[in-house]
Amino acid sequence: MPDPIQITRSVFIDPSEIEETFVRGAGPGGQNVNKVASAVQLRFDLVNSPGIPEPMKRRVATLAGSRLTKDGVIVITANSHRDQPLNRAEALERLVALLKAGAFVPKPRIATRPTLASKKRRLDAKTNRSGIKAGRGRPRVDD
């Protein structure tokens, strides 16, 4: 049985959860491209994966975008190499990178108040800009 794939220190996925299908690639390969199924289509059922915590699943689903089906399956296609093992490795690498990116918990933003000095600088800049724009108009003729 193959070893589990490590995403983070505590999150692992079982290789049996990954389904690979091989299709004919549209990439480089010359005449060989019409005969050999060197492109890899990797499918990973994100929603039903027991090794991934629920908050991480939500973040990964957001990051996956159009690569996520309605059923919650991530589909990654790799066809940039002429060699099937290289395409398999690239597809798996891209899946692991996506899962690692989803494992990162973003730091919540803490709202802060602008300082008095920054408010003064902003208002001074607005006054200065207003004076520049007012100087562009036609000169007024006083009677």
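Counting from 1, the numbers follow the sequence of the chain as shown.
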Asker: Hey, what do you get for CZ (Arg88) to CD (Glu93), rounding to the nearest 0.5 Å?
Answerer: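 Here the rounded value is 14.0 Å.
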Asker: Does a donor on one side chain and an acceptor on the other come within less than 3.5 Å for Ser16 and Asp14?
Answerer: yes
Asker: Hey, could you give me the OG1/NZ distance between Thr115 and Lys120, rounded to the nearest 0.5 Å?
Answerer: 12.0 Å
Asker: Is Leu63 reachable from Leu68 through a run of hydrophobic residues whose side-chain heavy atoms are each under 4.5 Å from the next?
Answerer: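 Yes, Leu68 and Leu63 fall within the same hydrophobic cluster.
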Asker: State, to 0.1 Å, how close Ser38 and Asn87 come at their nearest heavy-atom pair, and which atoms those are.
Answerer: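 So the minimum-distance heavy-atom pair works out to O-ND2, 2.8 Å.
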Asker: How close do Gln41 and Val75 get, heavy atom to heavy atom, and via which atoms?
Answerer: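 That would be CG-CG1, 3.8 Å.
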Asker: Does the side chain of Thr77 reach to within under 4.5 Å of the side chain of Arg67, using non-hydrogen atoms?
Answerer: no
Asker: From Ile13 CD1 over to Leu99 CG, what is the distance, rounded to the nearest 0.5 angstrom?
Answerer: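 Atom-to-atom, Ile13:CD1 and Leu99:CG are 5.5 Å apart.
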Asker: Take atom CZ of Arg94 as the centre, draw a 6.0 Å sphere, and report whether it contains more than 12 heavy atoms from other residues, nucleotides or ligands.
Answerer: yes
Asker: Using the rule that two of Ile, Leu, Val, Met, Phe, Trp, Tyr join whenever any of their side-chain heavy atoms come within less than 4.5 Å, decide whether Val40 and Leu92 are in one cluster.
Answerer: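 Per the 4.5 Å side-chain linkage, Val40 and Leu92 are not co-clustered.
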Asker: Taking Ile52 as the starting point, is it possible to reach Ile5 by hopping between hydrophobic residues whose side chains are less than 4.5 Å apart?
Answerer: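 Same cluster.
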Asker: Distance-only, no hydrogens or angles: does the Ser49 side chain make a donor-acceptor pair with backbone N or O of Asp45 under 3.5 Å?
Answerer: no
Asker: Shortest non-hydrogen contact from Phe22 to Ala37?
Answerer: CB-O, 3.8 Å
Asker: Rounded to the nearest 0.5 Å, what separates atom CG in Leu86 from atom CD in Glu90?
Answerer: 8.5 Å
Asker: Rounded to the nearest 0.5 Å, what separates atom CG in Asn128 from atom CD1 in Ile132?
Answerer: 4.5 Å
Asker: Considering non-hydrogen atoms only, spot the tightest contact between Ala61 and Leu46 and give its length.
Answerer: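 So the two residues come closest at N-CD2, 3.9 Å.
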Asker: Please find the pair of heavy atoms, one from Arg59 and one from Phe104, that lie closest to each other, and give the distance.
Answerer: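 For Arg59 versus Phe104, the nearest heavy atoms are NE-O, 3.4 Å.
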Asker: Is there a path of hydrophobic side-chain contacts, each under 4.5 Å between heavy atoms of I, L, V, M, F, W or Y residues, that connects Ile18 with Val73?
Answerer: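 No.
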Asker: Measure the spacing between CD1 of Ile7 and CG of Leu98 and express it to the nearest 0.5 Å.
Answerer: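 Ile7 atom CD1 to Leu98 atom CG measures 9.5 Å (nearest 0.5 Å).
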Asker: Identify the heavy atoms of Glu17 and Pro50 that sit nearest to each other, and give their distance.
Answerer: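 Closest approach of Glu17 to Pro50: OE1-CD, 3.7 Å.
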Asker: Can you get from Met56 to Val96 by hopping between Ile, Leu, Val, Met, Phe, Trp and Tyr side chains that sit under 4.5 Å apart?
Answerer: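 Yes; tracing contacts between hydrophobic side chains, which count when under 4.5 Å, links both residues.
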